[in-house]
2 protein chains.
Amino acid sequence: MSAIRLLVLGAVRQRGRAHGYQVRNDLEHWGAHEWSNTKPGSIYHALKQMAKQGLLVAREVAPSTVGGPPRTEYEITDRGTQEFLALLREALVSHDEKMDALSAGIGFIVHLPREEAVALLKKRVERLEEWRRSVTDYYAPEGGPGQFGHIGEIMHLWVHSADAGAEWTRGLIDRIENGAYVFEGEERVHASTPAPPVSSLES
Amino acid sequence: MSAIRLLVLGAVRQRGRAHGYQVRNDLEHWGAHEWSNTKPGSIYHALKQMAKQGLLVAREVAPSTVGGPPRTEYEITDRGTQEFLALLREALVSHDEKMDALSAGIGFIVHLPREEAVALLKKRVERLEEWRRSVTDYYAPEGGPGQFGHIGEIMHLWVHSADAGAEWTRGLIDRIENGAYVFEGEERVHASTPAPPVSSLES
DNA sequence: TCTCTTCTATTCAACTTTGACTAGTGTATC
DNA sequence: GATACACTAGTCAAAGTTGAATAGAAGAGA
């Protein structure tokens with residue numbers, strides 16, 4: 001999974017209706033161009049591809065209000081919303097996704113109900129622990145450590161990053177369980193912190 | 001930078017002369033197919049591409065000894081070796097590379113002199129600290145934290161992973177400076193320990 | 001001996017990603 | 001009043017990636 005579909009679907013969904021340039025600007029505004037592959041080409045390609053697959057519908061629109069080339073606007077379909085949620089869940093649980101997918105997932109996490117967010121993050125921790133086990137099992141066979149020479153350092157790195165990832169995830173679970181942020185279907189009732197809603201993402 | 005060029009160049013270099021299937025098997029044997037994009041298609045594409053660019057030379061060879069289709073063997077050129085070393089250095093210092101590039105870099109780190117390896121890893125630590133600073137600067141503007149709502153969690157994640165990465169790198173620097181492993185131009189003279197001291201996996 | 005799987009070795013079409021390019025309009029500069 | 005620059009909006013060719021397909025020979029069991 002790459003992060004771009006999740007990001008583009010999420011951007012279109014928040015706008016209700018958007019053309020490529022708006023999506024591009026939104027993503028840039030979120031800083032996404034610094035940590036993910038959100039080049040113009042990728043965005044326009046994703047839009048076209050997802051329209052072809054029925055996740056978006058294209059509405060042809062006359063030349064831009066302020067002049068410039070004509071543009072195509074898109075809206076998300078029901079299937080697109082399903083896909084968005086599926087990608088979001090996947091991004092949150094799977095450890096092998098790169099940082100870009102996870103970052104995007106966190107960005108959209110409040111679009112899920114609080115309980116589900118917590119459940120997914122707990123699953124993430126499980127997956128990380130499982131992965132850690134599989135690495136250490138492979139790393140410490142008969143013959144003791146040191147079998148692998150400097151290659152052992154790679155496994156060391158993986159274990160280290162699995163631990164760090166699990167620790168961060170546990171911290172996030174705690175904060176969410178203690179009422180931080182405003183999730184889907186809530187209206188600030190949980191907010192023990194004066195954290196703003198998604199509005200910091202928009203505009 | 002993707003890891004595949006580094007891996008393929010490294011594989012060909014170690015063999016002296018190799019065809020695609022050998023490279024594929026070597027990488028699989030190293031476990032690279034589990035943590036990087038080393039599908040057959042990618043490997044053959046990389047070989048052809050790098051041959052076209054003069055990093056490898058192709059030698060046409062008659063059908064395989066044991067039957068099966070004919071195959072093409074490759075050797076690395078001087079420019080290819082330069083490129084290999086450049087990619088290796090890049091993989092070791094830059095923090096934004098994904099884990100696959102770093103893992104490959106660690107796999108080949110002993111192809112550099114010990115002093116250079118240490119210097120590159122120290123540079124890596126610097127880069128990580130720099131990145132951490134840039135994230136926290138952006139994260140803690142006027143108005144205090146909480147400005148970003150749940151988006152702050154993304155920065156939190158980055159800081160956490162920068163710290164974990166720096167910690168692991170410092171550990172590796174220590175081990176290398178204390179004589180672990182055998183590097184380019186050495187012949188086990190540095191080995192103060194018989195086995196590499198990669199002890200504290202159960203951190 | 002016939003078939004089924006495995007091993008050797010590579011190719012291919014489809015899809016994704018990248019970086020550069022196009023093109024019109026407003027706005028500031030000299 | 002010309003020139004440069006920035007903004008809006010998107011296209012395109014080239015490169016990279018994926019998963020499946022191809023195809024001959026060898027070994028293993030019925």
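Atom set for the values below is all heavy atoms of this structure, side chains included, hydrogens, waters and symmetry mates excluded. To find a chain, count down the sequence lines: A is the first, B the second, and so on, and within it residues start at 1.
Within residues 3-29 of chain B, the residues approached by DNA chain D to less than 4.0 Å at the level of any non-hydrogen atom are B:Ile4, B:Arg5, in residue-number order. Within residues 35-43 of chain A, the residues having any heavy atom closer than 4.0 Å to DNA chain C are, in order of number, A:Asn37, A:Lys39, A:Gly41, A:Ser42.
Rounded to an integer number of Å, the gap from A:Tyr44 OH to C:dA20 P is 17 Å. B:Asp100 places its CG atom 15 Å from the P atom of D:dG16, with the value rounded to the nearest Å. B:Arg71 has its CZ atom 13 Å from the P atom of C:dT11, to the nearest Å. Between the CG atom of B:Leu47 and the C1' atom of D:dA15 there is a distance of 16 Å, given to the nearest Å. Put simply, NE2 on A:His45 is 10 Å from C1' on C:dA14, counting in whole angstrom units.
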Donor-acceptor pairs under 3.5 Å, side chain of residues 40-58 of chain A to any protein atom, not counting sequence neighbours: which ones?
{"residue": "A:Tyr44", "atom": "OH", "partner": "A:Tyr21", "partner atom": "N", "Å": "3.4"}
{"residue": "A:Gln53", "atom": "OE1", "partner": "A:Arg5", "partner atom": "NH1", "Å": "3.2"}
{"residue": "A:Gln53", "atom": "OE1", "partner": "A:Arg5", "partner atom": "NH2", "Å": "3.3"}

All N/O donor-acceptor pairs, side-chain side in residues 119-130 of chain B, below 3.5 Å, sequence neighbours left out:
{"residue": "B:Lys122", "atom": "NZ", "partner": "B:Glu177", "partner atom": "OE2", "Å": "3.2"}
{"residue": "B:Arg124", "atom": "NH1", "partner": "B:Leu92", "partner atom": "O", "Å": "3.1"}
{"residue": "B:Arg124", "atom": "NH1", "partner": "B:Ser94", "partner atom": "O", "Å": "3.3"}
{"residue": "B:Glu129", "atom": "OE2", "partner": "B:Arg170", "partner atom": "NH2", "Å": "2.9"}

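Heavy atoms of A:Lys48 sit under 4.0 angstrom from primed sugar atoms or phosphate atoms, though from no base atom.
Nearest heavy atom pair, residue A:Val159 against residue A:Thr136, reads CG2-CG2, 3.9 Å. Contact between A:Ala101 and A:Ala91 at its shortest, heavy atoms only, is O-CB, 3.5 Å.
Contact between the side-chain N/O atoms of A:Gln49 and the OP1/OP2 oxygens of C:dC15 is not found at any separation under 4.0 Å. B:Ser2 has a side-chain polar atom (N or O) that falls below the 4.0 Å cut-off from OP1 or OP2 of D:dT17.
For the pair A:Val110 and A:Glu186, the minimum side-chain heavy-atom distance is 4.5 Å or more.
For A:Phe183, the ring-ring contact (aromatic ring centres under 6.0 Å, His included) criterion is met by no residue, not counting sequence neighbours. Partners of B:Arg59 according to the salt bridge (Lys or Arg N to Asp or Glu O under 4.0 Å) rule, which considers only residues two or more places apart in sequence or in another chain, are B:Glu75.
The main-chain N or O of B:Tyr74 is never found under 3.5 Å from a side-chain atom of B:His19 such that the two would form a donor-acceptor pair. Formation of a donor-acceptor pair under 3.5 Å by the A:Arg114 side chain with backbone atoms of A:Tyr181 is found in this model.
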